[in-house]
Amino acid sequence: MNKPDISANKVNKVIIAGGGTAGWMAAAALSRLIGKSVNVTLVESKDIGIVGVGEATIPPIRTFHKLLGIDEKAFMRATNATFKLGIEFANWREPDHAYIHSFGVTGRECWAGEFHHFWMRAQQEGLGSAFGDYCFELKAAQQYKFGMSDRMPINFAYHFDAVAYGKFLRQFAEKLGVTHVEGDIDTVNMHVTSGDIESLTLKDGRTLAGDLFIDCTGFKGLLIEQALHTGYENWSHWLPCDRAVAMQTESVEAPAPFTRSVAHEAGWRWQIPLQNRVGNGLVYCSRYMSDDQAKQTLTDQVTGNPINEPRVIQFTPGKRRLGWNKNCVALGLASGFIEPLESTSIHLIMTGIIRLLRLFPFDGVTQSAIDEYNNKYNSEMAAILDFIVMHYKVTHRDDSLFWQHCQRMAIPDSLTHKINLFKETGRVFLDDGDIFRVDSWTQVMLGQGLVPAQYHRVADEMSIEELTRFMNGLHQHVSQQVQALPAHGDFLKQYLGV
């Protein structure tokens, strides 16, 4: 039997509860893309702080900006932004080892096998160099270089100040007609029969009625959880880290075009370079490191004068059982949180917004739209979970209780299959919801020390002479491209005029 429509009410009024990155990204997108059809109101408290752990992004944010017509230079100037070519992982495979997960394509693939099959054969034959030497973006990152031109495309993302990004998007959205209301939400008013949200009553007595509500109230999930009791899937058994300490410091060197992720005895530390400051944080498992130890460890390891005192952020890794429940869609921390190891937090906000826009219930909320949204939300979160857990599981580290726990812990069956498939055959096949490409999986698995037992025999179709020319040609091409690039800091100054 077909499920009936949830609501026959046309959606004319959208209420966004909460500001910050998630709220203002949603407001900007809705007002820019469907603003002629709906009225958008955003309500936020001026007293609630913003959890600014996500200042690094991945390349699809550029598509989001182009869709909204955001000027790159204006955005970068307003948010103290720098360019990002990938993430350096230090001490993850083992202490004193480092590799880069870049946004670039490594080498050149063929119909039957990715480039690493040819690279593995070359290694066996005593040819070629390190795997990363065949990736333009990776080598540019290592040499602190960056540049853009039509003849030399480069795949990149950004580092930026998340609070400033929210302010930038607020100005953008308000110019397009978004109504901004300051106030604290006191009551979420529900329809007696349907259980839908009808309105929000603020502490000063004002009431905001709407047809569709977007929950951007952070971890507490004021609408999606406290009002609708959606439920939460706790992933702590797969992701042991449950706290972070964050602080900002003054810059002491030119900004690197990559994020740093440095593993420590109970988790890892991030370093995100902006134009004139650095975002620092320590992610850790509270069973193996106390808050005071974490603060001290971060303070001891950062460079540059502190701009603020370190603050502790507690979180439970996982996701809501439903990203869309009744007439409420959760975005950002309200929808769940997978730790910021691969800079996916802002990306998940963006994909949630785009998914909602593609399914937007102009003529009323339907169960089929809810189900499709949640199916895609679940598959996307599951694929990211696998990718993040892999960093902890595929490692040679056993030098602390934390890393010993990671080696012993159970992992999702889907990840077990991916690891075994790569280990035994060297193959990577992506899930439907996977936002990371084969290049990403390969770079990280090889970087973490997982070496396939064999390569695809299509690589044997090349003679030694052909393989030598192939590998040397790729290496030389990458080297020449990187040599032509300016330093990242110099390009920033020239491009932005700062």
Side-chain angles (χ1 to χ4, degrees), residues 11 14-38 40 42 54 56-72 75 103 155-158 160 162 165-166 168-170 172-173 176 178 211-216 224 319-320 322-325 327-338 342-363 365-366 368-385 387 430-437 440:
V11 174
V14 178
I15 306 294
I16 301 172
T21 303
W24 286 111
M25 282 182 77
L30 266 64
S31 58
R32 175 67 177 86
L33 300 173
I34 59 170
K36 293 180 180 179
S37 301
V38 297
V40 181
L42 185 147
T57 58
I58 57 179
I61 193 171
R62 294 162 53 207
T63 304
F64 183 76
H65 283 180
K66 287 177 183 176
L67 189 63
L68 269 60
I70 288 175
D71 178 80
E72 182 176 68
F75 144 72
F103 297 139
N155 201 20
F156 64 91
Y158 310 102
F160 57 71
Y165 185 55
F168 175 80
L169 291 178
R170 173 183 168 179
F172 180 89
L176 293 170
V178 171
D211 305 308
L212 182 72
F213 292 81
I214 300 178
D215 189 343
C216 300
I224 196 73
K319 70 172 199 60
R320 299 290 169 207
L322 301 171
W324 183 345
N325 188 5
N327 65 335
C328 176
V329 176
L331 293 175
L333 299 177
S335 70
F337 184 69
I338 302 175
E342 284 281 358
S343 310
T344 54
S345 296
I346 290 176
H347 177 81
L348 286 168
I349 297 169
M350 181 191 77
T351 56
I353 292 168
I354 298 301
R355 191 180 305 123
L356 172 61
L357 286 167
R358 295 184 67 178
L359 291 164
F360 198 84
F362 294 101
D363 295 319
V365 176
T366 62
S368 61
I370 292 176
D371 290 345
E372 182 63 20
Y373 183 98
N374 288 325
N375 286 340
K376 294 295 188 289
Y377 161 74
N378 289 334
S379 62
E380 182 176 60
M381 293 291 278
I384 294 174
L385 172 68
F387 194 63
L430 301 182
D431 293 334
D432 289 343
D434 210 324
I435 66 171
F436 293 103
R437 302 172 310 172
S440 293

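All values below come from the heavy atoms of this structure, side chains included, with hydrogens, waters and symmetry mates left out. Nothing fancy with the numbering, it's 1 onward along the sequence.
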What is the distance from atom CZ of Arg358 to atom CG of Leu33, rounded to the nearest 0.5 Å?
12.5 Å

Counting C-beta onward and ignoring hydrogens, is there a side-chain heavy-atom pair between Phe160 and Ile346 closer than 4.5 Å?
yes

Please verify the inter-ring angle class for Trp324 with Tyr373; under 30° counts as parallel, over 60° as perpendicular, anything in between as tilted.
perpendicular

CG of Asp215 to SG of Cys328, rounded to nearest 0.5 Å, is 5.0 Å

Side chain proximity check, Thr344 to Phe436, heavy atoms < 4.5 angstrom
yes

A side-chain contact here means heavy atoms from C-beta on lying under 4.5 Å apart; do Phe64 and His347 qualify?
no

Any non-hydrogen side-chain atom of Leu356 less than 4.5 Å from a side-chain atom of Ile214?
yes

Give me the ring orientation class for Tyr158 and Phe75: parallel if the planes are under 30° apart, tilted from 30 to 60°, perpendicular past 60°.
perpendicular

Taking side chain as C-beta onward, heavy atoms only, is Leu67 less than 4.5 Å from Ile354?
yes

To the nearest 0.5 angstrom, please state how far the CG atom of Leu333 sits from the OG atom of Ser345.
7.0 Å

pair Val14-Phe360: side-chain heavy atoms closer than 4.5 Å:
yes

Does Asp71 have any salt bridge (Lys or Arg N to Asp or Glu O under 4.0 Å) partners at least two apart in sequence or in another chain, and if so, which?
none

Would you say the side-chain atoms of Asn327 pair up with the backbone N or O of Asp211, donor to acceptor, closer than 3.5 Å?
yes

Over all heavy atoms of both residues, which pair between Leu331 and Ile349 is shortest? Give the atoms and the distance, please.
CD2-O, 4.1 Å

Can you tell me how far apart OG1 (Thr351) and CD (Glu380) are? Round to the nearest 0.5 Å.
3.5 Å

Does Glu342 have any salt bridge (Lys or Arg N to Asp or Glu O under 4.0 Å) partners at least two apart in sequence or in another chain, and if so, which?
none

Contact check, side chains of Lys319 and Asn378, non-hydrogen atoms, under 4.5 Å
yes

By side chain to side chain contact (heavy atoms under 4.5 Å, CB included), Leu176 pairs with (sequence neighbours left out) Ser31, Arg32, Phe172

Heavy-atom pair with the smallest gap, counting every atom of Pro59 and Asn155:
CB-OD1, 3.6 Å

Would you indicate whether the side-chain heavy atoms of Ile70 and Phe168 approach each other to under 4.5 Å?
yes

For Gly323 versus Ile224, what's the shortest heavy-atom pair and its separation?
O-CD1, 4.3 Å

Using the side-chain contact (heavy atoms from CB on, under 4.5 Å) rule, take Phe387 and Ile435 through it: C-alpha gap first, then chi angles, then the decisive distance, then the call.
CA-CA 10 Å; Phe387 194 63; Ile435 66 171; over 6 Å; no

Separation between CG of Leu359 and CD1 of Ile370, rounded to the nearest 0.5 Å:
10.5 Å

Rounded to the nearest 0.5 Å, how far apart are CG of Asp434 and CD1 of Ile384?
8.0 Å

Quick check: does any side chain N or O of Arg320 sit under 3.5 Å from a backbone N or O of Ala334, one acting as donor and the other as acceptor?
yes

Show the nearest heavy-atom pair for residues Ser335 and Tyr377, with the distance to one decimal.
O-OH, 2.6 Å

Note: Ala157 and Phe103 closest approach over all heavy atoms is CB-CE1, 3.8 Å

Which pair of non-hydrogen atoms, one from Val38 and one from Val11, has the smallest distance, and what is that distance?
CG1-O, 3.6 Å

How far apart are the C-alpha atoms of Leu42 and Arg170, what are their side-chain angles, what is the distance that settles it, and do they pass the side-chain contact (heavy atoms from CB on, under 4.5 Å) test?
CA-CA 10 Å; Leu42 185 147; Arg170 173 183 168 179; over 6 Å; no

